[in-house]
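These notes concern the structure reproduced below.
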Amino acid sequence: MNCPFCHKNVPLWWYYFHVKGHRRLKADGQHESHITLHPELREQGSLEGVPKVYEHPKCGGMTVMPEKIIRSYLKNPFMYNGKTFCTGCHTYVDDSELFWVETGQRMSEYRLELQRNAR
Ligand SMILES: [Zn+2]
Ligand SMILES: [Zn+2]
């Protein structure tokens with residue numbers, strides 16, 4: 001089985017425990033790893049102009065989106081649901097509550113825009 005987190009080939013009998021390890025929570029409440037596209041399938045181009053930092057006005061927290069996740073959802077915006085980690089809240093919040101610092105756009109609108117363009 002190909003692991004959707006680290007993209008290693010994992011024997012079927014070990015798959016459940018392996019994936020469980022990725023889902024373990026870090027001390028700050030964030031999941032150990034996130035599902036990403038295989039590195040070769042990710043967006044390879046420049047990320048210039050692509051928003052990377054988002055703010056949660058409710059708590060004032062700012063969070064940097066990991067590059068491997070950005071490059072994954074640029075290629076497949078359907079692989080993430082509306083929940084995104086906020087370093088201020090130490091938990092996952094709805095992306096309609098988050099705003100990109102670079103553009104001021106609501107993250108949920110940005111996601112829908114990417115999804116529309118991907119169709
Ligand atoms: Zn793995
Ligand atoms: Zn927050």
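For ligands, and for the atoms within them, numbers begin at 1 and follow the listed sequence.
Counting non-hydrogen atoms of neighbouring residues, nucleotides and ligands closer than 6.0 angstrom, the CD atom of Q44 exceeds 12 such neighbours. Enclosure of atom NZ in K58 is not indicated, since only 12 or fewer non-hydrogen atoms of other residues, nucleotides or ligands lie within 6.0 angstrom.
Transitive grouping of hydrophobic side chains (ILVMFWY, heavy atoms separated by less than 4.5 Å) brings L41 and V50 into a common cluster.
One finds a salt bridge joining R111 and D95 here, because a Lys/Arg side-chain nitrogen approaches an Asp/Glu carboxylate oxygen to under 4.0 Å.
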Under the side-chain hydrogen bond (donor to acceptor under 3.5 Å, both in side chains) rule, what do R106 and S96 come out as? Steps first, then yes or no, please. CA-CA 6 Å; R106 197 182 282 272; S96 62; 5.0 Å; no
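No hydrogens or angles considered: a donor-acceptor pair under 3.5 Å links the side chains of H7 and T36.
Side-chain atoms of D94 and K83, non-hydrogen and from C-beta on, do get closer than 4.5 Å to each other. Between M79 and I35, some side-chain heavy-atom pair lies under the 4.5 Å cut-off.
With W100 as reference, M107 is the one residue of E109, M107, E55 to meet the side chain to side chain contact (heavy atoms under 4.5 Å, CB included) rule.
Listed by chain and number, the protein atoms of type N/O/S under 2.8 Å from the Zn ion (ligand 1) are C3 SG, C6 SG, H18 NE2, H22 NE2; waters are omitted.
Excluding waters, the count of protein N/O/S atoms less than 2.8 Å from the Zn ion (ligand 2) comes to 4.
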